[in-house]
Amino acid sequence: MTQYLLSVHNVDGERVLPPEEQKKMFETVGVFNAEVQATPGVWVFGGGLQPHTTATVVSRRDGEVLMTDGPFIEGKEHIGGFWIFELPDLDAALALAAKASAACAAPVEVRPFQEAPAS
């Protein structure tokens, strides 16, 4: 089994959902989360993020710790939330991503975690 990161992408300038549509989307995501959590061994973690404007970037250079307002990567696309699932293969991850994208009404990127090196 491999862990997969499914990240939700928000794009600056795209239509912001009105409150009643946001409420419906949160309910739909809640139903999706409950369905996945009911499947033994799949759910690892998931959560939504505050807007990218709340980010702080911490880096160490020349022995000093620097903190700057984020996000780290300047752009118009930002991660709005994510899930981590334990799944048998990429096909299973892609199938869940399709359901996740429908639930949150946003694009979902799928990436496998690196395997730990053998000891």
Side-chain angles (χ1 to χ4, degrees):
M1 298 281 269
T2 300
Q3 288 186 345
Y4 290 87
L5 172 70
L6 280 65
S7 53
V8 179
H9 290 265
N10 298 330
V11 179
D12 288 349
E14 283 193 346
R15 180 177 84 92
V16 175
L17 295 177
E20 63 276 1
E21 288 183 44
Q22 282 185 6
K23 183 177 185 238
K24 174 74 172 145
M25 183 267 298
F26 287 133
E27 290 171 355
T28 305
V29 169
V31 169
F32 170 76
N33 288 346
E35 288 174 2
V36 176
Q37 289 170 345
T39 306
V42 171
W43 180 271
V44 176
F45 183 80
L49 299 172
Q50 292 292 331
H52 68 280
T53 54
T54 65
T56 302
V57 178
V58 180
S59 61
R60 186 171 182 92
R61 291 190 189 147
D62 300 324
E64 290 186 44
V65 175
L66 304 171
M67 292 186 207
T68 57
D69 291 340
F72 178 72
I73 298 173
E74 292 187 33
K76 65 178 191 166
E77 297 173 342
H78 307 281
I79 297 175
F82 63 93
W83 293 273
I84 299 173
F85 298 134
E86 183 95 22
L87 297 163
D89 55 37
L90 180 59
D91 288 339
L94 294 174
L96 272 182
K99 291 179 181 180
S101 180
C104 69
V108 173
E109 177 181 342
V110 176
R111 292 180 69 181
F113 277 81
Q114 294 179 350
E115 296 292 326
S119 321

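Within 6.0 Å of CD in Q114 there are 12 or fewer heavy atoms belonging to other residues, nucleotides or ligands. Crowding of D69 atom CG: a count of heavy atoms from other residues, nucleotides or ligands under 6.0 Å not exceeding 12.
Side-chain contact check for E109 versus L5: every heavy-atom pair is 4.5 Å or farther apart. By the 4.5 Å heavy-atom criterion applied to side chains, V29 and W83 are counted as neighbours.
In terms of modelled atom types and a separation under 3.5 Å, the side chain of E86 and the main chain of G41 share no donor-acceptor contact.
Considering every non-hydrogen atom in both L96 and L6, the closest pair reads C-CD2, 4.1 Å. Between S7 and I79, the closest heavy-atom pair is CB-CG2, 4.2 Å. In this structure, A106 and V8 approach most closely via the heavy-atom pair CB-CG1, 3.7 Å. The two atoms that bring L49 and F82 nearest to each other are CD2-CE2, 4.1 Å, heavy atoms only. Nearest approach of V57 to P71, heavy atoms of both residues: CG2-C, 3.8 Å. The nearest pair of heavy atoms linking T2 to P112 is CG2-CB, 4.1 Å.
Here CD of E21 is found 11.0 Å from OG1 of T28. Values are rounded to the nearest 0.5 Å. The distance from atom NE2 of H52 to atom NZ of K76, rounded to the nearest 0.5 Å, is 12.5 Å.
For residues 38-52, no residue pair satisfies the salt bridge (Lys or Arg N to Asp or Glu O under 4.0 Å) rule, not counting sequence neighbours.
Residue I84 is tested with W43, F113, Y4 for a side chain to side chain contact (heavy atoms under 4.5 Å, CB included); the sole match is F113.
Considering only residues two or more places apart in sequence or on other chains, K23 meets the salt bridge (Lys or Arg N to Asp or Glu O under 4.0 Å) condition with E27.
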